[in-house]
Amino acid sequence: MKRPVWPAVLLLLALPACNPITTGIGVAATAGTAAVQERGFAGTTHDAGIKFRVSEAYFRTSEKIFLSVTVRVLDGRVLLLGGLADPALRERAVALAWSEPGVREVIDELQTVEGGIAAYARDAWIGAQISAGLMADDQVLAVNYYVDSVNNVVYVLGVAQDQAELDRVLDRAGGVKYVKKVVSHVMLKDDPRRKAG
């Protein structure tokens, strides 16, 4: 019987990223990005810890949850995205996210349907188009946003400098081909709820 080659291919692809130079560049880039984000370095580090703990809980609990759910964290707000056909697994994913220290809100955007490879590729293309457009827009501080697409629905999590920037981000997201709907979970930077936690 032939052994699958995927694990070996993935390992080879990962090796170049594991040398000291690329690791150092990655750490420096992350620190630099964190410093210019609205939440700052401490907030970025706090959110990264929450994301790690939620992902670890998913890994320990259910392979299906771990592989199907994308976790985004900003200001202690956890956005759950992806497709889980089993309602019990969906409820478990939400409960596990709430159980982690530092979580202020869990936003359940999990869908009960699961798409195939074609749907995944289209969603990846949509996300890439929107992210590239935001990065190129000098009137948008793109590092303050997460953009994801699931079944042609775009979800935006972030912190906007003002209403004009937020409108610009949402207009850009809605203007990409194949996008059916844009769901915003963006707060303005002076929103009192950001300070409440």
Side-chain angles (χ1 to χ4, degrees), residues 37-39 47-48 50-51 54-55 57-59 61-98 100 103-137 139-189 191 193-194:
Q37 285 183 333
E38 192 58 46
R39 57 188 165 165
D47 288 342
I50 292 173
K51 179 175 180 173
V54 171
S55 297
Y58 288 173
F59 180 77
T61 303
S62 163
E63 179 181 359
K64 186 71 173 170
I65 294 175
F66 179 72
L67 294 176
S68 301
V69 178
T70 297
V71 180
R72 300 288 188 213
V73 184
L74 196 143
D75 284 345
R77 301 167 67 220
V78 180
L79 173 61
L80 304 179
L81 301 164
L84 280 173
D86 184 342
L89 284 179
R90 181 176 172 164
E91 288 177 21
R92 186 72 177 133
V94 172
L96 286 169
W98 267 120
E100 295 304 323
V103 173
R104 299 169 54 189
E105 179 184 5
V106 175
I107 305 164
D108 175 10
E109 291 290 0
L110 295 170
Q111 299 183 19
T112 55
V113 295
E114 298 181 62
I117 292 174
Y120 178 83
R122 180 169 287 175
D123 284 329
W125 182 87
I126 290 170
Q129 294 300 306
I130 297 169
S131 296
L134 295 179
M135 291 294 289
D137 190 332
Q139 295 182 52
V140 172
L141 196 53
V143 295
N144 287 327
Y145 296 92
Y146 290 112
V147 177
D148 294 277
S149 177
V150 180
N151 292 326
N152 297 9
V153 177
V154 173
Y155 299 92
V156 185
L157 177 68
V159 178
Q161 298 301 297
D162 51 36
Q163 189 62 48
E165 183 188 80
L166 175 55
D167 292 343
R168 195 170 182 89
V169 168
L170 299 181
D171 285 347
R172 185 173 291 279
V176 170
K177 188 176 180 181
Y178 305 119
V179 172
K180 293 189 295 193
K181 180 173 144 184
V182 178
V183 178
S184 173
H185 293 291
V186 178
M187 286 187 180
L188 299 181
K189 75 174 184 178
D191 189 313
R193 291 174 296 172
R194 293 192 64 229

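Treat the numbers as computed from the prediction; the structure is a model and nothing was measured.
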Checklist entry - Shortest non-hydrogen contact from Gly83 to Ser68? => result O-CB, 3.5 Å

Item to check | Considering all heavy atoms, the nearest Pro87-Ala85 contact | outcome: CD-O, 3.2 Å

Item to check | 4.5 Å side-chain heavy-atom contact, Val183 and Glu109 | outcome: yes

Checklist outcome for this item: Between Leu79 and His185, the two heavy atoms sitting closest are CD1-CD2, 4.0 Å

Next on the checklist: Using every non-hydrogen atom in the two residues, find where Val54 and Ala97 come nearest and quote the distance to one decimal.
Outcome noted: CG2-CA, 4.1 Å

Checklist entry - So, the side chain of Asn152 versus the backbone of Val179: is there a donor-acceptor pair under 3.5 Å, distance only? => result no

Item to check | Non-hydrogen side-chain atoms of Leu80 and Val71 separated by less than 4.5 Å | outcome: yes

Checklist entry - Would you say the side-chain atoms of Asp148 pair up with the backbone N or O of Tyr155, donor to acceptor, closer than 3.5 Å? => result no

Checklist entry - At what distance, to the nearest 0.5 angstrom, does CG of Asp137 lie from CZ of Arg172? => result 4.5 Å

Item to check | Arg122 side-chain N/O to Tyr178 backbone N/O, donor-acceptor pair under 3.5 Å | outcome: no

Checklist entry - Can we say Lys64 and Asp86 salt-bridge, meaning some charged N sits less than 4.0 Å from an Asp/Glu carboxylate O? => result no

Item to check | Pairing residues for Glu105 by the side-chain contact (heavy atoms from CB on, under 4.5 Å) criterion, not counting sequence neighbours | outcome: Arg77, Ile107

Next on the checklist: To the nearest 0.5 Å, what is the distance between CG on Asn151 and OH on Tyr120?
Outcome noted: 13.0 Å

Next on the checklist: Which heavy atom of Val150 sits nearest to which heavy atom of Gly82, and what is that distance?
Outcome noted: CG2-N, 4.1 Å

Item to check | Shortest non-hydrogen contact from Leu89 toward Ser62 | outcome: CD2-OG, 3.9 Å

Checklist entry - Does the side chain of Val169 reach to within under 4.5 Å of the side chain of Val186, using non-hydrogen atoms? => result no

Item to check | Test log, rule side chain to side chain contact (heavy atoms under 4.5 Å, CB included), inputs Leu74 and Tyr146 | outcome: CA-CA 9 Å; Leu74 196 143; Tyr146 290 112; 4.1 Å; yes

Next on the checklist: Can you tell me how far apart CE (Met135) and CG (Leu141) are? Round to the nearest 0.5 Å.
Outcome noted: 9.5 Å

Item to check | Atom pair OG (Ser55) and CD (Glu100), whose distance is rounded to the nearest 0.5 Å | outcome: 9.5 Å

Checklist entry - Between atom CD of Glu91 and atom CG of Asp108, what is the distance when rounded to the nearest 0.5 Å? => result 9.5 Å

Next on the checklist: Quick check against the 3.5 Å criterion: does Arg104 have a side-chain atom that pairs as donor or acceptor with the backbone of Asp75?
Outcome noted: yes

Item to check | Between CZ on residue Arg72 and CD1 on residue Ile50, distance to nearest 0.5 Å | outcome: 15.0 Å

Item to check | Heavy-atom neighbours of Glu63 CD exceed 12 at 6.0 Å | outcome: no

